[in-house]
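By convention here, the first residue in the shown sequence is residue 1.
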Amino acid sequence: MAIAIWVDADACPKVIREILFRAAQRMQWPLTLVANHALPVPASEYISSRQVPQGFDVADDYIASQVNAGDLVITSDIPLAAEVIAKGAGVISPRGEEFTANNIRQRLNMRDFMETMRSTGEVRGGPAALSDRDKQVFANALDRYLARHR
């Protein structure tokens, strides 16, 4: 049985979505982009998008309610990653980091720490722009994950 791939697409770079489109076609696995705005997707029986209402964590909540054990979620949202890992799903960030039951607690702690630092003004800005190396790291992580779950 094919796993489903869910994409937290509001913040997922276009180049990462394109890598995912090719993977879904190749594996013939369903891929769903979830966002609070319309996103173009290629014509394919395997690829769809779901537009959810505007609002804080609405896309995350939709993904968490739909994901099943064994599915794959693409997100950089650490709380969403923790929630779907608890349901037995796999998670890869758009930068190619695989979140697991073994590392998600540490990532949650670091996220909370950085949020505190940003709120005090100690840290400003967000992550660097996606580099060519980041794209390759993501593609490699995705290939490894898909190979393990064929």
Side-chain angles (χ1 to χ4, degrees), residues 2-44 46-52 56-57 59-60 62-64 66-67 70-150:
I3 65 170
I5 303 171
W6 298 91
V7 182
D8 183 5
D10 283 322
C12 186
K14 182 178 179 182
V15 67
I16 299 301
R17 293 193 312 260
E18 290 169 355
I19 292 168
L20 289 163
F21 295 156
R22 289 190 297 273
Q25 281 298 128
R26 182 177 74 244
M27 301 298 291
Q28 298 182 345
W29 288 353
L31 168 73
T32 305
L33 303 180
V34 181
N36 59 24
H37 59 283
L39 289 171
V41 297
S44 168
Y46 304 107
I47 302 169
S48 63
S49 66
R50 171 80 170 138
Q51 185 174 351
V52 295
F56 186 71
D57 287 342
D60 298 352
Y62 180 83
I63 292 169
Q66 299 298 309
V67 73
D71 287 353
L72 174 62
V73 176
I74 308 301
T75 187
S76 56
D77 185 285
I78 305 301
L80 173 59
E83 189 171 354
V84 300
I85 286 169
K87 291 180 82 171
V91 181
I92 301 174
S93 80
R95 292 182 183 270
E97 182 178 4
E98 190 169 349
F99 300 125
T100 67
N102 294 331
N103 69 13
I104 196 63
R105 169 88 33 222
Q106 176 187 6
R107 297 291 293 146
L108 278 167
N109 290 339
M110 180 57 75
R111 174 199 171 270
D112 293 344
F113 172 73
M114 292 305 292
E115 193 171 278
T116 300
M117 295 299 285
R118 280 189 292 277
S119 71
T120 64
E122 293 292 321
V123 174
R124 298 180 193 274
L130 202 64
S131 70
D132 287 339
R133 183 180 186 298
D134 293 328
K135 295 174 219 172
Q136 189 60 52
V137 168
F138 174 80
N140 291 341
L142 179 63
D143 283 345
R144 282 190 307 274
Y145 187 92
L146 297 178
R148 285 194 317 261
H149 294 87
R150 266 178 223 238

Counting C-beta onward and ignoring hydrogens, is there a side-chain heavy-atom pair between Leu39 and Arg17 closer than 4.5 Å?
yes

Once you round to the nearest 0.5 Å, how far does CD1 of Ile92 lie from OG1 of Thr100?
11.5 Å

Under the rule for side chain to side chain donor-acceptor pair (under 3.5 Å), what residues qualify as partners of Ser93, not counting sequence neighbours?
none

Student check: side-chain heavy atoms of Val73 and Phe99 closer than 4.5 Å
no

Which residues satisfy the side-chain contact (heavy atoms from CB on, under 4.5 Å) test with Lys87, sequence neighbours excluded?
Val67

Test side-chain contact (heavy atoms from CB on, under 4.5 Å) applied to Ala4 - qualifying residues, sequence neighbours left out
Trp6, Pro30, Asp71

Test item: Arg50 side-chain N/O and Thr32 main-chain N/O as donor-acceptor pair under 3.5 Å:
no

Any side-chain heavy atom of Leu20 sitting closer than 4.5 Å to one from Phe138?
yes

Nearest 0.5 Å, what's the CD1-CG distance between Ile74 and Asp77?
13.5 Å

Contact between His37 and Asp10 at the side-chain level, heavy atoms closer than 4.5 Å - yes or no?
yes

Looking at Pro94 and Leu130, what are the two nearest heavy atoms and their distance?
O-CD1, 4.1 Å

I'd like to check the side chain to side chain donor-acceptor pair (under 3.5 Å) partners of Ser76; sequence neighbours left out, ordered by chain and number.
none

Spacing of Leu146 atom CG and Trp29 atom CH2 [to the nearest 0.5 Å]:
5.0 Å

Got a sec, which residues hit salt bridge (Lys or Arg N to Asp or Glu O under 4.0 Å) with Asp134, two or more places apart in sequence or on another chain?
Arg95

Ser44: partners by side-chain contact (heavy atoms from CB on, under 4.5 Å), with sequence neighbours left out:
Gln25, Tyr46, Ile47

Restricting to side-chain contact (heavy atoms from CB on, under 4.5 Å), what partner residues turn up for Ser49, sequence neighbours left out?
Leu33, Val41

Indicate the atoms forming the closest heavy-atom contact of Ala81 with Val91, along with that distance.
CB-CG1, 3.8 Å

In terms of heavy-atom contacts, Leu31 and Ala24 come closest through CB-CB, 3.7 Å

Under the ring pair (Phe, Tyr, Trp, His ring centres under 6.0 Å) test, residues paired with Phe21 that sit two or more places apart:
none

Any salt bridge (Lys or Arg N to Asp or Glu O under 4.0 Å) involving residues 135-148? Give me the pairs, sequence neighbours left out, ordered by first then second residue.
Arg26-Asp143, Glu98-Arg148, Asp132-Lys135

Measure the CD1-CG distance between Ile63 and Asp8 for me, rounded to the nearest 0.5 Å.
4.5 Å

Minimum heavy-atom separation for Glu83 and Ala64, please, with both atom names.
OE2-CB, 3.4 Å

Applying side chain to side chain donor-acceptor pair (under 3.5 Å) to Asn36 and not counting sequence neighbours gives none

Return the set of residues passing side chain to side chain donor-acceptor pair (under 3.5 Å) with Tyr145 (not counting sequence neighbours), or none when no residue passes.
none

